Amino acid sequence: MLTKATFCAHQPMQLSRCLSNALARQTACPSVLQNPPKSDTLRSGGCLREALLEMAIQGPEMVFAGYVTLLDECVDKRALRGGQRVHAHMIKTCYLPPIYLWTRLIVFYTKLGLLGDARRVLDEMPLRNVVSWTAMISAYSQKGYASEALDLFQQMLRSETEPNEFTFATILATCTGMSGFQLGWQVHSLVIKNNYESHIFVGSSLLDMYAKAGKIHEAREVFECLPERDVVSCTAIISGYAQLGIDEEAIELFSRLQREGMDPNYVTYASVLTALSGLAALNHGRQVHGHVLRREVPFYVVLQNSLIDMYSKCGSVTYARRVFNSMSERTVITWNAMLVGYSKHGMGRQVVELFEFMRKEKKVKPDSVTLLAVLSGCSHGGLEERGLQLYREIINGEHGVQPEMEHYGCVIDMLGRAGQLQEAFEHIQQMPFEPTPAIWGSLLGACRVHSNVDIGELVGRKLLELEPENAGNYVILSNLYATAGRWEDVRNLRHLMKEKAVIKEPGRSWVELDQVLHTFHASDRFHPRRGEVFEKVKDLSLKIKALGYVPELSCALYDVDDEQKEKILLGHSEKLALAFGLMASAEGVPVRVIKNLRICVDCHNFAKFVSKLYAREISLRDKNRFHHIVNGICTCGDYW
DNA sequence: GTAGGGTTAG
């Protein structure tokens with residue numbers, strides 16, 4: 001028999017421990033789980049009833065505190081049934097439960113992933129405050145229900161509840177996932193109105209929203225106006241630059257902020273590594289890796305994933321694999337990063353082997369990116385048969401992944417590579433998607449390689465209609481006309497290009513030497529040693545001509561005579577970077593050139609001859625993949 | 001009781 005005296009001797013915490021054990025036992029019983037909660041259950045629940053009774057003796061406040069403790073324990077133990085019992089008990093016995101108790105129930109249900117139940121609590125509670133609204137909005141947002149979150153936010157505003165810093169941080173993160181920034185912009189004005197712009201959480205959410213919408217200047221402005229900064233806001237702006245491919249700025253900002261006292265954490269390093277992957281700055285990447293090891297930054301999977309990506313995009317799949325092998329825990333992204341690495345290097349066999357290993361291990365389920373990486377690996381690695389077989393398996397639903405546009409894109413690429421242009425064309429028309437310019441572009445590239453003017457012209461014209469502003473399409477179609485000797489068409493195309501005022505992203509290439517990136521533009525006017533470099537390119541050209549190199553004049557798009565065209569070609573940024581790499585590095589050392597666009601046919605040829613002449617390994621990373629050239633032969637098989 | 005930054009693909 002329990003007496004009041006013994007109850008008072010208990011602390012609520014001790015009580016709840018006894019309770020949670022009982023609740024955990026009850027949750028484990030499947031027959032209880034299958035039954036909907038009934039108030040009767042509480043009567044026979046024993047331990048719970050006694051504990052609550054015990055607390056009730058200490059007055060209503062203690063009951064509320066008891067409920068809170070219980071709900072916390074239920075969240076920790078993921079005891080759904082227990083929480084439901086507390087909920088039922090609260091409804092039955094409490095007269096006017098306070099708002100915070102209702103809110104705790106919302107949190108309990110959202111943490112167990114039961115958004116519907118949480119929403120029911122919100123709808124049923126007699127009074128709501130900013131915390132209860134925000135808890136529900138945040139749950140919707142985090143589970144990916146952006147429109148529900150926004151809808152609720154609007155309801156909250158209509159109910160004349162003032163949003164607080166939590167609400168704004170949450171709703172801005174929700175806007176980040178939406179297309180465009182119109183909505184985020186409107187929320188921004190609300191933020192200003194409510195005077196939360198300088199709040200560090202709201203500020204970082206706000207700048208992240210702008211950065212992810214591509215508005216990096218706005219993001220930077222928010223960042224610069226923050227009265228205080230912490231590692232999260234700093235990381236947000238750095239990763240903003242990195243994700244938009246403004247890699248140099250990301251690195252510079254990182255160095256500056258670090259000098260100013262920012263203490264980077266594993267997320268910061270992951271973002272910095274992304275920027276270094278973009279620049280293919282292997283030595284910088286190694287340095288960051290060393291730094292991370294020395295500082296004993298915890299090796300979270302995310303950081304290791306970005307190390308794998310950095311090493312493979314910087315040309316070292318061996319190092320990437322070393323990191324991969326060292327990991328005790330791998331996520332699907334780990335596997336994907338490694339597969340993509342092999343794929344970009346044209347290592348088809350390794351892609352297929354790793355994929356088989358992944359399937360055999362069965363710890364991680366392949367997703368659509370995995371299959372994309374394997375398909376693209378087969379395509380770039382000369383395993384078209386295996387790739388087509390995998391494609392058929394995907395279509396038949398054998399991999400449990402819905403085929404997407406990109407998967408079809410890979411197949412078009414494979415058919416094109418195999419010279420089956422008609423099949424590729426038909427395949428595009430039979431796809432269950434409206435073909436994107438990228439799909440047509442891939443076929444156009446295939447037509448150029450196989451000199452198929454008939455299909456190429458059809459595809460090229462379609463592309464010019466779809467994206468008249470993309471200079472690349474004009475270039476390839478013009479190449480194609482040139483190979484067929486259709487000079488009149490080449491001229492017309494050039495006029496059309498002028499008329500549409502097509503702006504071509506300026507091509508640039510770079511080499512990394514002694515931790516310095518040397519960047520070259522076409523017919524460079526900036527690099528201090530450009531004079532020597534031009535001479536070197538001319539010299540190389542003369543020497544390889546003796547070996548059989550013939551400039552591919554169709555790669556020069558200007559309406560000038562052949563001599564001028566050759567001069568233009570010799571000024572291409574990748575040739576300058578290659579020549580500089582040869583000049584500035586020791587004999588026999590491989591030269592690694594990186595280009596921001598796709599490498600042109602003439603430069604590819606040029607590099608092949610140079611690798612033969614100097615017995616040097618040349619690796620060229622372009623927008624799509626790596627070209628490893630040894631003794632005049634490239635791993636891409638002259639198709640890219 | 002409620003909140004912000006991160007890794008693969010395109």
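Order of the sequence lines sets the chain letters (A, B, ...), proteins ahead of strands, with each chain counted from 1. Since the structure is predicted, the reported quantities are computational estimates derived from the model, not experimental observations.
- Residue A:K623 is out of contact with every strand shown, counting any heavy-atom pair closer than 4.0 Å.
- Between A:N473 and A:W440 there is no side-chain heavy-atom pair separated by less than 4.5 Å.
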Atom pairs and distances, donor-acceptor, side-chain atoms in residues 185-193 of chain A, under 3.5 Å, two or more places apart:
unit_1 : atom_1 : unit_2 : atom_2 : d
A:H188 : ND1    : A:Y210 : OH     : 2.7
A:H188 : NE2    : A:E197 : OE2    : 2.9
A:S189 : OG     : A:Q186 : O      : 2.6

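- A:Y145 and A:Y140 have perpendicular rings, their planes meeting at more than 60° on a 0 to 90° scale where under 30° would count as parallel.
- Within 4.0 Å of A:I308, counting heavy atoms only, lies no atom of the nucleic acid at all.
- Contacts of A:N265 with the nucleic acid, taken as non-hydrogen atoms under 4.0 Å apart, include base atoms.
- Residue contacts shown for A:V231 include a base, since a base heavy atom lies under 4.0 Å away.
- Within the nucleic acid shown, A:V340 comes within 4.0 Å of sugar-phosphate atoms alone, with no base atom in reach, counting heavy atoms only.
- Here A:S233 lies in heavy-atom contact (under 4.0 Å) with a base.
- The ring of A:W335 has its center no closer than 6.0 angstrom to the ring center of A:F355.
- A:I99 comes within 4.0 angstrom of a base, heavy atoms only.
- For DNA chain B, the span of nucleotides reached by chain A at under 4.0 Å from its heavy atoms goes, 5' to 3', from B:dG1 to B:dG10.
- By the 30° and 60° cut-offs, the orientation of the rings of A:H345 relative to A:F626 is parallel.
- Across all strands shown, A:T274 has heavy atoms under 4.0 Å from sugar-phosphate atoms exclusively, and none from any base.
- In terms of heavy-atom proximity, A:H399 sits nearest to A:L371 at CB-CD1, 3.8 Å.
- Contacts of A:T235 with the nucleic acid, taken as non-hydrogen atoms under 4.0 Å apart, include base atoms.
- As judged by a 4.0 angstrom heavy-atom cut-off over every strand, A:Y266 is placed among the base-contacting residues.
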